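Report on the structure given below.
Residue indices begin at 1 and follow the sequence shown. If you're wondering where the values come from, they're calculated on a predicted model, not measured in any experiment.
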Amino acid sequence: MLSATVNGIAAGPFLIIMMIISADRELMGEYRNGHLARTVGWMVTVVMCAAGIFGTWYTFTGG
């Protein structure tokens with residue numbers, strides 16, 4: 001269960017970094033994410049961050 005908690009905590013920041021990198025025109029060039037991919041990606045990132053926070057809270061407080 002602890003490994004799932006650590007994974008939940010790590011997923012949010014990792015997704016934030018990936019979204020920043022994938023939107024960088026200088027770094028990604030023509031392979032940069034389009035508008036739809038950025039929108040959906042940031043929505044998923046917010047959900048994963050919220051799930052990580054909730055999972056951490058639930059694990060350490062017991063509900």
Should Ile20 and Leu36 be regarded as members of a common hydrophobic cluster, given that ILVMFWY residues are connected when their side-chain heavy atoms come within less than 4.5 Å of each other, either directly or indirectly?
-> no
Roughly how far, to the nearest 0.5 Å, is the CG atom of Leu15 from the OG atom of Ser22?
-> 10.0 Å
Pairs of donor and acceptor atoms involving the side chains of residues 37-56, under 3.5 Å and at least two apart or interchain, shall be tabulated with distances.
| residue | atom | partner | partner atom | Å |
| --- | --- | --- | --- | --- |
| Arg38 | NH1 | Asn33 | O | 2.7 |
| Thr39 | OG1 | His35 | O | 2.9 |
| Thr45 | OG1 | Gly41 | O | 2.7 |
| Thr56 | OG1 | Gly52 | O | 2.8 |

Can you find a heavy atom in the side chain of Met28 that is under 4.5 Å from one in the side chain of Ile21?
-> yes
